Amino acid sequence: MSKQHEHGQWGEEQACAYLMEQGMEVLERNWRYKRAEVDVIGKEGKVLVFVEVKTRAYTSFGRPEENVGRHKRQMMTDAAMAYMRATGHEGEIRFDIVSVVGVPERGAEILHFRDAFFPGLGSEW
């Protein structure tokens with residue numbers, strides 16, 4: 001496993017711990033549909049939440065959350081629709097981004113962007 005992949009997994013662990021501390025129930029991790037992957041699928045009350053986790057050691061080349069572009073948002077939307085069909089969920093959904101900056105030796109700064117984007121509008125979060 002590459003160091004970059006290990007670092008990304010560490011970031012996802014940090015994000016999941018944070019989300020659970022905030023009261024989110026984590027239903028799935030790394031859920032795949034075709035070529036799309038959703039890092040975390042959770043539930044807050046009756047709201048189904050699809051979360052993209054972005055991890056960086058440093059912000060020298062920009063913030064992690066800045067790397068969730070139009071293509072990634074579309075892939076997440078496609079995967080979310082497939083998940084809803086598979087589970088029969090017909091209620092409210094939300095798309096979040098969790099940004100993790102740090103390394104295991106230093107700890108992590110975590111930012112949670114709730115309602116980061118709305119599918120189909122091409123909007124920037």
Side-chain angles (χ1 to χ4, degrees):
M1 183 182 310
S2 72
K3 281 197 175 270
Q4 185 175 3
H5 186 74
E6 286 179 15
H7 190 246
Q9 283 190 324
W10 173 80
E12 284 186 20
E13 291 293 330
Q14 301 303 303
C16 279
Y18 170 83
L19 292 169
M20 289 187 292
E21 286 172 7
Q22 301 303 307
M24 185 180 291
E25 176 187 2
V26 173
L27 303 174
E28 303 276 353
R29 293 199 45 201
N30 305 108
W31 193 84
R32 298 183 83 55
Y33 169 72
K34 295 184 179 179
R35 295 183 335 161
E37 179 182 15
V38 179
D39 294 326
V40 179
I41 300 174
K43 203 159 192 184
E44 275 190 345
K46 295 181 180 181
V47 179
L48 192 59
V49 185
F50 299 89
V51 183
E52 174 67 10
V53 178
K54 286 294 186 184
T55 306
R56 298 287 180 269
Y58 306 97
T59 58
S60 305
F61 297 103
R63 301 270 326 158
E65 66 272 11
E66 295 169 356
N67 291 311
V68 182
R70 181 179 303 225
H71 179 70
K72 180 60 180 178
R73 292 192 308 266
Q74 184 59 55
M75 297 287 276
M76 282 184 70
T77 300
D78 293 347
M81 297 305 118
Y83 185 83
M84 291 172 59
R85 281 191 303 273
T87 62
H89 181 82
E90 295 181 355
E92 188 177 343
I93 66 169
R94 188 176 80 219
F95 293 89
D96 292 3
I97 297 171
V98 174
S99 169
V100 180
V101 177
V103 293
E105 306 80 53
R106 281 196 338 247
E109 170 198 72
I110 298 172
L111 296 176
H112 182 190
F113 299 90
R114 297 168 58 90
D115 278 320
F117 65 91
F118 189 82
L121 295 181
S123 62
E124 295 297 322
W125 54 272

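The figures that follow rest on heavy atoms only: side chains count, while hydrogens, waters and symmetry mates do not. Since this is a predicted model, take the numbers as computed values, not measurements.
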Atom pairs and distances, side-chain donor-acceptor, residues 104-111, under 3.5 Å, sequence neighbours left out:
unit_1: Arg106; atom_1: NH2; unit_2: Ala57; atom_2: O; d: 3.1
unit_1: Glu109; atom_1: OE1; unit_2: Arg63; atom_2: NH1; d: 3.0
unit_1: Glu109; atom_1: OE1; unit_2: Arg63; atom_2: NH2; d: 3.1

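- Taking hydrophobic clusters as Ile, Leu, Val, Met, Phe, Trp and Tyr residues chained together by side-chain heavy-atom distances below 4.5 Å, Val51 does not share a cluster with Trp31.
- Minimum heavy-atom separation, Gly102 to His7: O-NE2, 2.7 Å.
- Residues Pro64 and Val100 have side chains not in contact (no heavy-atom distance under 4.5 Å, counting atoms from C-beta outward).
- Applying the salt bridge (charged side-chain N to carboxylate O under 4.0 Å, His left out) rule to Glu6 yields no partners; only residues at least two apart in sequence or on another chain are considered.
- In this structure, Phe113 is a member of the same hydrophobic cluster as Val68, with clusters built from ILVMFWY side-chain heavy atoms closer than 4.5 Å.
- Residues that satisfy the salt bridge (charged side-chain N to carboxylate O under 4.0 Å, His left out) test with Glu37, not counting sequence neighbours, are Arg32.
- Two residues are said to be in side-chain contact when any heavy atoms from C-beta on lie closer than 4.5 Å; Asp78 and Lys34 fail this criterion.
- Asp96 meets the side chain to side chain donor-acceptor pair (under 3.5 Å) test with Arg94, His112; sequence neighbours excluded.
- Residues passing the side-chain contact (heavy atoms from CB on, under 4.5 Å) test with Arg85 are Tyr33, Met81, Ala82, sequence neighbours excluded.
- Distance check, rounded to the nearest 0.5 Å: OG1 of Thr87 to CG of Leu48 gives 6.5 Å.
- Every residue two or more places apart in sequence or in another chain that forms a ring pair (Phe, Tyr, Trp, His ring centres under 6.0 Å) with Phe95 is listed here: Phe50, Phe117.
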Please tabulate, for the side chains in residues 9-24, all donor-acceptor contacts under 3.5 angstrom to protein atoms that are two or more places apart in sequence or on a different chain.
unit_1: Glu12; atom_1: OE1; unit_2: Asn30; atom_2: ND2; d: 3.2
unit_1: Glu13; atom_1: OE2; unit_2: Arg29; atom_2: NH1; d: 2.9
unit_1: Glu13; atom_1: OE2; unit_2: Arg29; atom_2: NH2; d: 3.4

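- Residues Val98 and Met76 fall into different hydrophobic clusters, defined by Ile, Leu, Val, Met, Phe, Trp and Tyr side chains chained together at heavy-atom separations under 4.5 Å.
- Tyr83 places none of its side-chain heavy atoms less than 4.5 Å from the side chain of Val38.
- Among residues two or more places apart in sequence or in another chain, the salt bridge (charged side-chain N to carboxylate O under 4.0 Å, His left out) test is passed with Lys72 by Glu52.
- Judged as a side chain to side chain donor-acceptor pair (under 3.5 Å), and not counting sequence neighbours, His89 has no contacts.
- By the side-chain contact (heavy atoms from CB on, under 4.5 Å) test, Ser2 is found to be paired with Gln4, His5, residues two or more places apart in sequence or in another chain being considered.
- The distance from atom CD of Glu25 to atom NZ of Lys43, rounded to the nearest 0.5 Å, is 7.5 Å.
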